[in-house]
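Quick notes on the structure that follows.
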Amino acid sequence: MNDSRLHRLLRRGVTEIIVESELIELLETGRPLRLKIGFDPSAPDIHVGHSVPLRKLRQLQELGHTVVLIVGDWTAQIGDPSGRSRTRPMLTREQVMANAETYMAQFFKIIDPDRTETRFQSDWFGPFTLSDVIGLTSRFTVAQFLAREDFAKRYRANQPIAITELLYPLLQAYDSIAVESDVEFGGTDQKFNLLVGRDLQGMMGQRPQHCFITPLLPGTDGVQKMSKSLGNYIGIDELPNDVYGKTMSLPDSVVAAYIENATDVPDEEVEEMKRASADASADRMGMKKRLARELVAQFHGGAAALDAERRFERIVQGRETPDDLPVFDLPPNLEARRLSDVLVGAGMAGSAAEAKRLIDQGAVRIDDAPVAANIPASTLKSGAVIRAGRRRFVRLRGGG
RNA sequence: GGAGGGGUGGGUGAGUGGUUAAUACCACCAGACUGUAAAUCUGGCGCCCGGAAGGGCUACGUAGGUUCGAAUCCUACCCCCUCCA
């Protein structure tokens, strides 16, 4: 492997590698490595934030290494301690399988299934006994676990830490034993867990895994990390127009980080864009459009990316009416109804009060003409286009 | 086992008898602006009736009670947290 390729592989989209020098040596031996990554089957959607480590896995697969995907059907019951969530209800076998299927359909959009081994935690935790649990827990101390920033913070703030949460890193660590992991992948919030796996392997006579730690991307709010529960994510399974649009709604300040960590835009261009993003006169919108295209292309192909861009330029920038409008059939006895009723019926407003608010705020247009009042529905004509705000459209049909 | 603190709108979190559909912030929606769904500024942000003015209903863990009137007081219950053991 040449130096620039190695550099790209181990630096871009990477926060830290423990231990980097040893991992490089290992890579140079040419031995196929077992690359571990886990997922929690209670939250089966993959977003652009997850794609950062997955893209690294893909790059390593291309060098002949094997991905070991762990389905965390036991840890899912505990809940990820790095989140706010607590112990969760036990998932049934059927739920786990259904979620795993959903997850893998997305996972294999990035990862090569032919170089992937999928393992379920229940394979080894199913037969676990209490003495196995005690044996595992006896290897660590409370103080060691309280060193984890997340736990330490909550402990200081007098916030609860469930005992099962302390078990989470242990189970994850034991997974590394079970699959004989060489390298484990995770975001910066996973550092502690990855290290416990490394330690445990050493204690149990395995070669300690290396930890491949990737950055967490901010979500579409530009502040908090991308996550499904915060609703600030761009899912890799979303429709092209949504991926494009959500990307365009990113604050300009995070665009460079996305391009660096979640796309294959060449390094030189990335450096240039980083410089430009500090410059108010630079073409920031152009940068963001580039990012949006790159993301759509990754998940839906280049043609879809161009389509999404054209649509965005027409509908959002040009404020044109899209041609693929949903159709709404006007209900009978329009004489008794008003525009607000139609907005609710067409799903453009959640309640009559909201519909009236939209009208009052000047957000509603009929055939591009602003509507000043909650006019009677009998004045609405079949074929007319109602627009509410920037993104809600409907074409009327029937009635009269 | 003992002591104390707390449960408010999507989230955080004010509010201790009427002026509170409930401060503030976040999120969200809309408008303006920018040929970005960014940033910024402005407004909105429970539901129903009404063209509007306005009116009504529901809501502060649950169930009762006191009162002309309760998120605010009382009783019981449920749930959560901290500390001591």
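Every chain is numbered from 1, with letters handed out A, B, ... down the list of sequences. Computed over heavy atoms, backbone and side chain alike; hydrogens, waters and symmetry mates excluded. None of these values were measured; they are calculated from a predicted model.
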Using only heavy-atom distances, determine whether the side chains of A/Q106 and A/K109 contain a donor-acceptor pair under 3.5 Å.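 Per modelled atom types, A/Q106 and A/K109 side chains form no pair under 3.5 Å.
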When rounded to the nearest Å, what value does the distance between [atom1] atoms of [N] and [M] take?
N: B/A70; M: B/A53; atom1: P; result: 28 Å
N: B/G43; M: B/U8; atom1: C1'; result: 26 Å
N: B/C77; M: B/A85; atom1: P; result: 29 Å
N: B/G17; M: B/C26; atom1: C1'; result: 31 Å
N: B/G10; M: B/G1; atom1: P; result: 36 Å
N: B/U20; M: B/G46; atom1: P; result: 16 Å
N: B/U75; M: B/U67; atom1: P; result: 16 Å
N: B/U23; M: B/U16; atom1: P; result: 14 Å

Just compare [options] and give me whichever is closest to any side-chain atom of [X].
X: A/R357; options: B/A37, B/A38, B/C47; value: B/C47
X: A/R390; options: B/C33, B/C47, B/G51; value: B/C33
X: A/L358; options: B/G31, B/C29, B/A38; value: B/C29
X: A/R392; options: B/G51, B/U36, B/C29; value: B/C29

Using a 4.0 Å heavy-atom cut-off across all strands, classify [X] as base, sugar-phosphate, or nothing.
X: A/A363; answer: sugar-phosphate
X: A/G389; answer: sugar-phosphate
X: A/G318; answer: base
X: A/D252; answer: base

For the pair made of [atom1] in [X] and [atom2] in [N], what is the distance, rounded to whole Å?
X: A/N241; N: B/A37; atom1: CG; atom2: C1'; answer: 12 Å
X: A/L339; N: B/A52; atom1: CG; atom2: C1'; answer: 16 Å
X: A/N374; N: B/G50; atom1: CG; atom2: P; answer: 10 Å
X: A/K288; N: B/A39; atom1: NZ; atom2: C1'; answer: 9 Å
X: A/D283; N: B/U34; atom1: CG; atom2: P; answer: 17 Å
X: A/I359; N: B/G50; atom1: CD1; atom2: C1'; answer: 14 Å
X: A/R311; N: B/A37; atom1: CZ; atom2: P; answer: 14 Å
X: A/R319; N: B/A37; atom1: CZ; atom2: P; answer: 7 Å

Using both distances under 3.5 Å as the test, list the Watson-Crick or G-U wobble partner of [N], or none.
N: B/A63; result: B/U75
N: B/U20; result: none
N: B/G44; result: B/C28
N: B/A3; result: B/U82

Taking the side chain from [X] and the backbone from [Y], do they hold a donor-acceptor pair closer than 3.5 Å?
X: A/N333; Y: A/A336; value: no
X: A/R34; Y: A/V179; value: yes
X: A/R12; Y: A/E260; value: yes
X: A/Q224; Y: A/P218; value: no
X: A/R392; Y: A/M348; value: yes

More than 12 heavy atoms from other groups under 6.0 Å of CD on A/E149: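 Count not over threshold, so no.
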Looking at [N], does its base get a donor-acceptor pair with the side chain of [X] below 3.5 Å?
X: A/R391; N: B/A37; value: yes
X: A/Q361; N: B/G43; value: yes
X: A/K356; N: B/G51; value: no

Comparing A/E354 and A/Q317 on RNA chain B - which has the more 5′ nearest nucleotide: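 Of the two residues, A/Q317 wins.
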Would you kindly compare A/G350 and A/D360 by the position of their nearest RNA chain B nucleotide and give the one closer to the 5′ end?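 Result of the comparison: A/G350.
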Just to confirm, is there a sub-4.0 Å distance from OP1 or OP2 of B/C47 to any side-chain nitrogen or oxygen of A/S351?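 Answer yes for this pair, as a side-chain N or O of A/S351 is under 4.0 Å from OP1 or OP2.
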Trace of the salt bridge (Lys or Arg N to Asp or Glu O under 4.0 Å) decision for A/K191 with A/D150: CA-CA 11 Å; A/K191 180 173 177 177; A/D150 171 73; over 6 Å; no
